[in-house]
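Encoded as structure tokens, the structure appears first; notes follow it.
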Amino acid sequence: MYPHDDMSIDRFRARLAAGESQPLDWWHLCRERIAAREPEVQAWEVLAPRTPEPPAAGLLRGVPVGLKDIIETRDLPTAWGTGGYLGTPGSLVDAALVTLLERQGALIMGKTVTTELAYFTSGKTRNPHDLTRTPGGSSSGSAAAVAAGMVPLAFGTQTAGSIIRPASYCGVFGFKPTFDAVSLAGIKSFAPSLDTLGWFANHIEDICTTFSALTRAPAIDALPTLDGVRVGVRSLPSDRVLDADVQRALARTRIRLERLGANVVPLPLDERFAALVEYQKEVMAYEAAQTLASEHRQHADSMGPRLVALIEEGQTLPYARYRQAQQAANELRQVLSRFFVDEVDVILAASAQGVAPEGLQATGDPLFCRAWTLLGVPCLNLPLGRGHQGLPVGVQLIGDRFQDDRLLAIARCLMQVRPG
């Protein structure tokens, strides 16, 4: 066990304030862990070549951070998971995220592995809990790096399920904020009305502190109790059978919520919500065909077949069908917001169908994330369960749009209760 395994951002800040740690201490401990675990996990595309200058201040002062390799950086190359047919030695400017992080004192450790252009073609990364299994995609390296203790914080993006699914498979917290809550400037686009920046951490308080650091929101404390908090239980789609491991994780989470006083009930979403999964697929294909038009024209022969198939599907999708999907999603966002006012404060749902699948040629199915991503609501994976062979199983808590701080305050309270 490494000296920083139980360290959170807030605890490290307290140590800095007390003179018990120096700003680069965590950086050096993480480099030691990377040297030990990277040969087997393979979470990194490139590491920072030199030790940074000690940061002076900020909510993330001295916190080592991983960046998904679709996030532009001036000082590090970006390859977008393409294995060489695309790449740049460095950008003219950093992505907005990089500047926001550095203003808060974070230290950029390097670029983490992603799938090809953040779609389904697998990268080299392995699940730290079982090296024969996928860590999920497309933010595979970021989730695995946090799970392996290589960094306390790493960033990814979600277009279908690329924050929540790998967080569930790797047994870490994964947060996808409200759509557009944090800028995507300087991050490679796939489907602009879906792409959302998010992050992974081993501690719920680190998820909260990072949200405050990037948005300037007030500090998010745990609610003292969940008395009166209304929790609706509903996974989308609702017609798929969840693995027994996930069913148990949902049941145990319900018990934890009720211990704290929450009222947990089924959420009666009507039949219109059943179509959201297919709408998300159509929106993603249509927009990817436009966003990646140049890459497809120049590099289709080098692209993975699944990515080519998606782009070509999007090229044939009628605009009328795309418009129908977007209009339906807009209507259902309003319907869901009324549910959040009248019936529930948060939703409890499955993060994935089961534990991380065996093999490294696929990244698992984002099925149980697609609808929520299309709706643009904040989603948080909670690493609360263990399935067969001790593998992680996560569940999602979901809030209304721009109620991220409320969702996180409820989650912090929930995480104070021991499993039962």
Side-chain angles (χ1 to χ4, degrees), residues 158-165 168 176-181 190-196 198 229-242 246-247 250 253-254 263-289 310 313-314 316-353 365-381 395-404 406-407 410:
Q158 178 158 310
T159 304
S162 298
I163 296 289
I164 300 300
R165 182 171 88 265
S168 180
K176 182 198 80 68
T178 297
F179 175 76
D180 252 0
F190 193 89
S193 69
L194 300 171
D195 299 339
T196 310
V229 171
R230 306 160 300 168
V231 181
V233 181
R234 182 64 181 268
S235 296
L236 292 174
S238 58
D239 61 347
R240 298 295 183 92
V241 177
L242 296 167
V246 179
Q247 294 181 39
L250 288 167
T253 304
R254 176 171 185 156
N263 181 30
V264 185
V265 297
L267 181 62
L269 300 180
D270 63 49
E271 68 280 357
R272 290 175 294 172
F273 284 84
L276 283 170
V277 170
E278 290 305 314
Y279 287 148
Q280 189 276 339
K281 292 178 181 179
E282 291 168 350
V283 169
M284 185 169 70
Y286 184 91
E287 293 187 356
L310 180 82
E313 175 192 344
T316 64
L317 195 71
Y319 174 72
R321 182 63 182 169
Y322 170 73
R323 181 179 61 191
Q324 178 186 355
Q326 289 284 32
Q327 288 175 335
N330 284 334
E331 292 172 4
L332 291 177
R333 288 184 193 108
Q334 302 305 317
V335 173
L336 188 64
S337 286
R338 288 195 291 273
F339 272 102
F340 277 113
V341 171
D342 297 335
E343 300 196 32
V344 299
D345 296 291
V346 291
I347 298 170
L348 173 63
S351 292
Q353 189 160 9
D365 193 340
L367 179 66
F368 290 96
C369 302
R370 288 184 183 273
W372 308 117
T373 302
L374 179 58
L375 291 169
V377 292
C379 303
L380 174 68
N381 179 72
V395 298
Q396 289 189 77
L397 276 189
I398 299 158
D400 196 11
R401 287 173 297 157
F402 299 105
Q403 294 297 313
D404 305 62
R406 173 73 170 168
L407 170 65
I410 290 170

Problem set entry | Nearest atoms (heavy-atom pairs only) where A352 meets S168 | CB-OG, 4.4 Å
Exercise. Out of V341, V344, L269, which residue meets the side-chain contact (heavy atoms from CB on, under 4.5 Å) rule with L336?
Worked result: L269
Problem set entry | Validation row: L267, F273 side chains within 4.5 angstrom (heavy atoms) | no
Problem set entry | Nearest atoms (heavy-atom pairs only) where R234 meets S238 | NH2-OG, 3.3 Å
Problem set entry | For R321, all residues meeting salt bridge (Lys or Arg N to Asp or Glu O under 4.0 Å), sequence neighbours excluded | E282
Seminar exercise, completed: Output for pair (L375 CG, L276 CG), nearest 0.5 Å, gives 5.0 Å
Exercise. What heavy-atom pair brings G198 and P177 nearest, and what distance separates the two atoms?
Worked result: CA-CD, 3.9 Å
Problem set entry | The single option from I163, T159, I164, L374 passing side-chain contact (heavy atoms from CB on, under 4.5 Å) against C369 | I164
Exercise. At what distance, to the nearest 0.5 angstrom, does CZ of R240 lie from CG of L367?
Worked result: 5.0 Å
Exercise. Which distance, rounded to the nearest 0.5 Å, do you find between the OG1 of T196 and the CZ of F179?
Worked result: 6.0 Å
Exercise. Which atom pair, heavy atoms only, marks the closest approach of K176 to V377?
Worked result: NZ-O, 2.7 Å
Exercise. Can you tell if the side chain of V395 reaches within under 4.5 Å of the side chain of R254, non-hydrogen atoms only?
Worked result: no
For this session: Answer yes or no: is there a side-chain heavy-atom contact under 4.5 Å between P268 and E343?
Result: yes
Exercise. Going by heavy atoms in the side chains, are V283 and Q326 under 4.5 Å from each other?
Worked result: yes
Listing, residues 396-404 side-chain donor-acceptor contacts under 3.5 Å, not counting sequence neighbours, or none:
{"from": "Q396", "atom 1": "NE2", "to": "A350", "atom 2": "O", "distance (Å)": "2.9"}
{"from": "Q396", "atom 1": "NE2", "to": "F368", "atom 2": "O", "distance (Å)": "3.2"}
{"from": "D400", "atom 1": "OD1", "to": "S337", "atom 2": "OG", "distance (Å)": "3.1"}
{"from": "D400", "atom 1": "OD2", "to": "S337", "atom 2": "OG", "distance (Å)": "3.4"}
{"from": "R401", "atom 1": "NH2", "to": "S337", "atom 2": "OG", "distance (Å)": "3.4"}
{"from": "D404", "atom 1": "OD1", "to": "T178", "atom 2": "OG1", "distance (Å)": "2.6"}
{"from": "D404", "atom 1": "OD2", "to": "T178", "atom 2": "N", "distance (Å)": "2.8"}
{"from": "D404", "atom 1": "OD2", "to": "T178", "atom 2": "OG1", "distance (Å)": "3.4"}

Seminar exercise, completed: Value for CG (N330) from CZ (R323), rounded to nearest 0.5 Å, stands at 13.0 Å
Exercise. Looking at A289 and G314, what are the two nearest heavy atoms and their distance?
Worked result: CB-C, 3.6 Å
Exercise. Tell me, do F339 and I347 make a side-chain contact under 4.5 Å, heavy atoms counted?
Worked result: no
Exercise. Which class fits the ring pair Y322 and Y286: parallel under 30°, tilted 30 to 60°, perpendicular over 60°?
Worked result: parallel
Problem set entry | Minimum-distance pair of heavy atoms, taken over all atoms of P237 and V277 | CD-CG2, 3.8 Å
Seminar exercise, completed: OH of Y279 to CG of L332, rounded to nearest 0.5 Å, is 8.0 Å
Seminar exercise, completed: d(R230 CZ, F340 CZ) to nearest 0.5 Å is 10.0 Å
